[in-house]
Amino acid sequence: MIAKIGRSCNLYGALVYNNNKVESEKGKILMTNKMIETADGRYTVSQLAHSFEPYLAANRNTEKYTLHISLNPDPKDKVNDEDFVQIAQDYMNKMGYGEQPYVVFKHLDIDRTHIHIVSVTVDELGKKISDRFEKRRSMEVCRELENKFELAPATMKRDEKYDLIFYPVDPKAGDVKNQMASVIRHLPKYYQFRSLGEYNALLSLFNITTEKVDGELQGRIQSGLLYFPLNEKGEKAGSPFKASLFGKDAGLSALEKHFLKCRESLKDDVLKSHLKKVIANIIKSTLNENDFKNNLIRRGINTVIRRNSNGMMYGITFIDHTSKTVWNGSGLGKEFSSNTLNERWKNENLKENKRMSSKNNEIPGTARQPAPLSDKPHEFFGFLEKHQNDSQSEESFIESAGGLFSFDNYSLQEELEFENQMRKRRKKKR
């Protein structure tokens, strides 16, 4: 059995991610510990969050107060619900979280049945529960539980390329081909994109780009792909590699099949309408490009912006790591296109400059320069580096991205109200 431990400051996102599985009948709540019960045993996200409020209000200074654990037996193990409950209780007790409020979710949406546990890392007095030697202790607990419940032991052998998976390519580090392979071979397994442009937007987060090339073979014109490593500025930083070096799934014909499949599956407007709602809320609450991108990153959404030689934005793509989908801005709607956003930010900047100019005229010496906007298309780096340490494989990284940054079925306003309420209660308590 493998345990994956994630920490964040986003309790609501973790609860939404798991409760969404329940509401879509792809999961269920197996048990709760020290949680406020409901009459029918069903919960909304707000009802679940309510049980954690006293702990968050008492929180002193722990930034990553959300604990999100997944326990994953071997797919060959047939674990019933009673055993899953006992496994969850034993694990939490041995890891020092047995007296914490927590809820255990069972996920049924993939063949590998597993459980997720959501809790908080601060006790009722607001003190952080020690996480010293957590990974080592977790491995020891898993070995004990394997013996107790006669589960298949987790393999300790690691792929020599394991640590390269989903890391951005660093051309200076050498072995560029293997660095690129660890990304290219896995992205199509998890993400949906409908064109080469959307695929390139996703690749750019990892310092890679691809180009279509035509050539003649035995008198026939054939098309293929070349992959290039990029530097931190998004510029080509080395010789290209043929797609065939990364396997058949990296080639043009396989990707075109992937495009068609994704176009069909993304006809469902649920994902699209949800993403539009999230982005629309961010647009209303931000005045410039930098704030816009940073707010989206906090919600697990990246923006990849294309600019011309004059630095003018002419295209924008949104990458939602929660639903693992890639969307061109204009494809979402005119209000999300680069032209519309350009015009909005231009107007807002003019208003802000006038306001600051007026204020500075009244109070000499108070001029403040606005923060420079980032031109890098790799805003995902911070998100990746922040959470990579909590993941031991490409699967756990994808799962933590989805699990800790999911905002389905509730409004951003509800999340903000929850955070404001916790801040007020902490202030009052002090």
Pair H114 + F84: ring centers closer than 6.0 Å: no
Whether the [X] and [Y] side chains hold a donor-acceptor pair (N or O, under 3.5 Å, no angle test) is what I'd like checked.
X: S265; Y: Q192; value: yes
X: N19; Y: E23; value: yes
X: N72; Y: S70; value: yes
X: Y12; Y: T66; value: no
X: N10; Y: H68; value: no

Any donor-acceptor pair under 3.5 Å from [X] side chain to [Y] backbone:
X: D77; Y: A152; answer: yes
X: Y227; Y: A250; answer: yes
X: S337; Y: S330; answer: no
X: Q100; Y: V122; answer: yes

For the pair H50 and Q47, evaluate side-chain hydrogen bond (donor to acceptor under 3.5 Å, both in side chains) and give the outcome as yes or no after the intermediate values. CA-CA 5 Å; H50 190 51; Q47 288 171 327; over 6 Å; no
Is any side-chain N of the basic residue among R136 and E140 closer than 4.0 Å to the acidic one's carboxylate O? no
When M139 is tested against each of K135, R143, R137 for side-chain contact (heavy atoms from CB on, under 4.5 Å), which residue passes? R143
